[in-house]
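Inspection log for the structure reproduced underneath, given as structure tokens.
Naming: A, B, ... by sequence-line order, numbering from 1 per chain.
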Amino acid sequence: MSDHDVLPLLDQTSAAVSDAIRRARPELAEADPVVRRSEHADFQANAALALAKRASIKPADLAAELVAALDSDYLEAVEVSGPGFLNIKLPDRVVWGQVAARLADSRLGVASPQSGCRTVVDYSAPNIAKEMHVGHLRTTIIGDSLVRVLGFLGAEVIRQNHLGDWGTQFGMLIQYLDEHPETAWHHDELAGDTSTVSALDTLYREARAKFDNDTGFADRARARVVALQGGDPETLAKWKDIVAESEFAFREIYDRLGVQLTAEDSVGESFYNPMLADTIAELEDTGIVVESDDALVIYSQEVTGPDDQPVPLMLRKRDGGFGYDTTDLATIRYRIRDVKADRMLYVVDSRQALHFRLIFEAARRAGWLTDEVEATHVPFGTVLGPDGKPFKTRAGGTVRLTDLLDDAVARARAIVAEKNPGFSADLLDQIAEQAGIGAVKYADLSNSRVKDYTFDVDRMVAFVGDTGVYLQYAHARIRSILRKAGDTDARIDPTPPLEPAERTLALELDAYGAVLTDVGVTLEPHKLCGYLFGLARAFTGFYEACPVIQAEEPTRSNRLALCRLTANTLSHGLDVLGIAAPERM
RNA sequence: GCCCUCGUAGCUCAGGGGAUAGAGCGCUUGCCUCCGGAGCAAGAAGUCGUAGGUUCGAAUCCUACCGAGGGCGCCA
């Protein structure tokens, strides 16, 4: 707890009901008061229904007891309704007080429940020398949002970009580059619209073809692999060059997406390479490793595959090589032992669910993963095309992330230009970029994480509906009201009665921190999206019913304060989603 | 074969023990044209995949089944 915390009204009400339970029925003192937002009042407490059986009393009678025991000083009105619901209304001054307190605080009064939790977030993980594509969209966007939310909630977040930067394919690529020194692939040698990874991607395909058709080249490529793994300085230098150039290209996309990943967060497969032998040795010491068909494996005790055989993790392949099972085991060991993580999140496609289950099981059996540490696979569904199948280009190829974003920005530009024809080309470009990128991110984040969703650009850049653009526009409109009002530091007078629409908006604003806390636990950003959309709608209701600028004082200042807190909450919420909140659009 | 995820309004999706199941888009009918129309109000539209069970109470929890997608040793 810090000085920033403004205890939500729901929590205050819960505490009041808990007090009443303690006074009326001491033996039920620890019971959940079951306080929720209500359509019939500010809040409803369902404790009487839940506890009546344990108290051997009718729900309505227990409800009446609780009403009698409630501290009436804090509450405006309490009444029993239906079979035993407690409908609770709070005094207007209390509600105004919350608005004032949140407005006065830089954190909007939100607590830091994740304080001190060292949290590793593993996300994005593109492959070196390959282009980022639609398959990297969700992990990057969801991971970035979780990083922002958890960080805001006080967690010590450690971002980890587990780059695919090691493997036999690099031997082939390096050999090919070596034999074609005239080929341009560095970012400063390429024309504007071609990136390093685009060039390398093409070169890799050429190398692959040559590898398959030219035995001489295949032999030289294999020798390169040996040289790379053996640490040959010249080969290693080339590899480092490829990695650095690829990261340069990734950073361009990260910058464009507003993703917080930096070079310092890059801890790829190569980083764990020197630890693999030791990792395997340690696993062998625990006795969970088995030799099978000349390979080293760990058989699961929990999961079986076809023919009822236990599913294995492949520690060392028959040819002596290591796959990603081994790397991931070394990784989890490192993150527990050296990074000293309290919590490890893997923002990875849901198809990897079994893999992570096996990794976590093995880490537990090895004694690395204990009950003190949380390891969680944060799975997400597939991005689908208009045909309901995994998103591909019309030709059936992979959709490049750059193309996908360009398309969204272009459509957003058309929409914004139509809405606001007065913008200069420069301003239009800037806003279109923010709107288009925000639209893509919001569309991704606002769907349930584990479900697949259909990528529909026209729908996501619309000004109406549950879209990022709608929220950005709502925010811009409120800022416009504040500019027009010449709003300074409006003081709230807690004495005027609350209009129903003011009350609805104020209660919604008060719930922001609880939503963030929930996202921090469930790791589901779509709940924040749903909240922000609901908040924007609550504001629309308020704006419709309550004139702001023309209102008399003190109502005018009070309403401006609601406008300002709404705008601040919207922009803050968008920010932790990783979405820009322009002042105008 | 086994395991995982998902089946909610015409479409896209929320809701994951509590009052008449919600939103957006689309559709119908009115209203306003007011601080930048992010309009507003009303309406039509649902056997919450099916069948059992637990519970005072189930879209929500459990079981079985049906349907869709995904996964199950030397790719990562």
A/R559 side, atom CZ; A/L505 side, atom CG - distance, nearest 0.5 Å: 11.0 Å

Distance (rounded to the nearest 0.5 Å) between A/L345 CG and A/I142 CD1: 12.5 Å

Rounded interatomic separation in angstrom, taking OH from A/Y453 and P from B/C13: 11 Å

Pairwise C1' distance, B/U55 and B/A44 [rounded to whole Å]: 35 Å

Quick note, A/V297 side chain, CB onward, closest among B/G15, B/G73, B/C2 is B/G73

A/E269 and A/T327: side-chain donor and acceptor closer than 3.5 Å? no

Residue A/D452, side-chain heavy atoms: nucleotide from B/C6, B/G71, B/G69 that is nearest: B/G69

Base-pair map of RNA chain B as dot-bracket, where | denotes pairing with a different strand and pairs are Watson-Crick or G-U under 3.5 Å: (((((((..((((....[...)))).(((((.......))))).....(((((..]....))))))))))))....

Compute whether any side-chain donor of one residue and acceptor of the other, for A/S266 and A/E247, lie under 3.5 angstrom apart. yes

Whether A/R537 contacts B/G24 is assessed here as follows: a side-chain N or O lying under 4.0 Å from the phosphate OP1 or OP2. Is that the case? yes

Please state how far atom CZ in A/F539 lies from atom P in B/C35, giving the value in whole angstrom units. 14 Å

Which part of the nucleic acid, if any, lies within contact of A/A295, taking any heavy atom under 4.0 Å across all strands shown: a base, the sugar-phosphate backbone alone, or nothing? base

Do the side-chain N and O atoms of A/D328 and A/Y346 include a donor-acceptor pair separated by under 3.5 angstrom? no

Hey, is CD on A/E302 packed in by over 12 heavy atoms from elsewhere, all under 6.0 Å? yes

Give one of base, sugar-phosphate or nothing for A/A476, where a contact means two heavy atoms less than 4.0 Å apart. base

Closest to the side chain of A/L354, out of B/A14, B/A76, B/G71, is B/G71

Rounded to whole angstroms, how far apart are NZ on A/K317 and P on B/G73? 15 Å

Separation of atom CD in A/E39 from atom P in B/A23, rounded to whole Å: 10 Å

Euclidean distance, atom CG of residue A/D349 to atom P of B/C72 [Å, nearest integer]: 12 Å

May I ask you to say what A/M585 touches in the nucleic acid, namely base, sugar-phosphate or nothing, with a heavy-atom cut-off under 4.0 Å? base

Would A/Y512 and A/H572 count as having a side-chain donor-acceptor pair, cut-off 3.5 Å? yes

Assign A/D293 to base, sugar-phosphate, or nothing according to its heavy-atom contacts below 4.0 angstrom with the strands shown. base

Ring-plane angle category for A/Y543 and A/F539, please: parallel below 30°, perpendicular beyond 60°, tilted otherwise. parallel

Scan side-chain atoms only and decide if A/Q352 and A/Y324 contain a donor-acceptor pair under the 3.5 Å cut-off. yes

Just to verify, which of A/M132, A/E131, A/H136 counts as forming a side-chain contact (heavy atoms from CB on, under 4.5 Å) with A/F250? A/M132

Given the C1' atoms of B/G17 and B/C62, what is the spacing between them in whole Å? 13 Å

Looking at A/Y470 versus A/F533, is the centre-to-centre ring distance below 6.0 Å? yes

Choosing from B/G70, B/C34, B/A76, which nucleotide comes nearest the side chain of A/R351? B/G70

Look at all strands and tell whether A/Y543 reaches a base, only sugar-phosphate, or nothing, counting heavy atoms closer than 4.0 Å. base

Contact class for A/N46 (heavy atom, under 4.0 Å): base, sugar-phosphate, or nothing? base

What's A/S480 touching, base or sugar-phosphate or nothing? Going by heavy atoms closer than 4.0 Å. base

B/C66 to B/G73 separation - P atoms, rounded to the nearest Å: 25 Å

Side chain of A/R36: nearest nucleotide among B/G18, B/C72, B/G73? B/G18

Indicate, with a heavy-atom threshold strictly under 4.0 Å, whether A/E544 touches base, sugar-phosphate, or nothing. sugar-phosphate

Quantified in whole Å, what is the C1' atom distance between nucleotide B/A58 and nucleotide B/A41? 34 Å

Indicate whether OP1 or OP2 belonging to B/U20 is found under 4.0 Å from a side-chain N or O atom of A/H40. no

Select base, sugar-phosphate, or nothing to describe what A/D308 touches, counting heavy atoms under 4.0 Å on all strands. nothing

Which value, rounded to the nearest 0.5 Å, describes the distance between A/E583 atom CD and A/I478 atom CD1? 11.5 Å

Any base atoms under 4.0 Å from A/A50, or only sugar-phosphate, or nothing? Heavy atoms, all strands. base

Heavy atoms from C-beta onward define the side chain here; which of B/G36, B/C35, B/C72 lies closest to that of A/V311? B/C72

Give A/T454 one of three labels, base, sugar-phosphate or nothing, depending on what nucleic acid heavy atoms sit under 4.0 Å from its own. sugar-phosphate

Could you tell me how far B/A9 sits from B/A21 if I compare only their C1' atoms? Round to whole Å. 10 Å

Please pick, from B/G18, B/G73, B/A19, the nucleotide with the shortest atom-to-atom distance to any side-chain atom of A/P306. B/G73

Within the 4.0 Å heavy-atom criterion, would you say A/L49 contacts the bases, only the backbone, or no part of the nucleic acid? base

Can you tell me whether the base of B/G53 sits syn or anti, using the 90° cut around 0 to define syn? anti

Checking contacts here: which listed nucleotide (B/G69, B/U5, B/A23) is nearest the side-chain heavy atoms of A/F533? B/A23

Atom-to-atom span, CD1 of A/I298 to P of B/C74 - whole angstrom: 16 Å

Between the side chains of A/Y272 and A/T326, does any donor sit under 3.5 Å from an acceptor? no

Using atom C1' of each nucleotide, how far apart are B/G22 and B/A59 to the nearest Å? 12 Å

Can you tell me, in whole Å, how much space there is between the P of B/G52 and that of B/U60? 14 Å

Base, sugar-phosphate, or nothing for A/C546, non-hydrogen atoms under 4.0 angstrom? base

Round to the nearest Å and state the distance from A/H377 atom NE2 to B/G70 atom P. 16 Å

I need the A/I88 CD1 to A/R36 CZ distance, nearest 0.5 Å. 12.0 Å

Pick out the pairs of N or O atoms, protein on one side and nucleotides 25-32 of chain B on the other, that lie under 3.5 Å.
none

Pair of N/O donor and acceptor under 3.5 Å linking B/A19 base with A/Q44 side chain: yes

Quick one: is A/K451 getting a side-chain N or O under 4.0 Å of the B/G7 phosphate, OP1 or OP2? yes

What is the nucleic acid contact for A/Q352, judged by heavy atoms within less than 4.0 Å: base, sugar-phosphate only, or nothing? base

RNA chain B-proximal residues of residues 318-332 of chain A, any heavy atom under 4.0 Å: A/R318, A/G323, A/Y324

A/L482 CG to B/G36 C1': how many Å, rounded? 13 Å

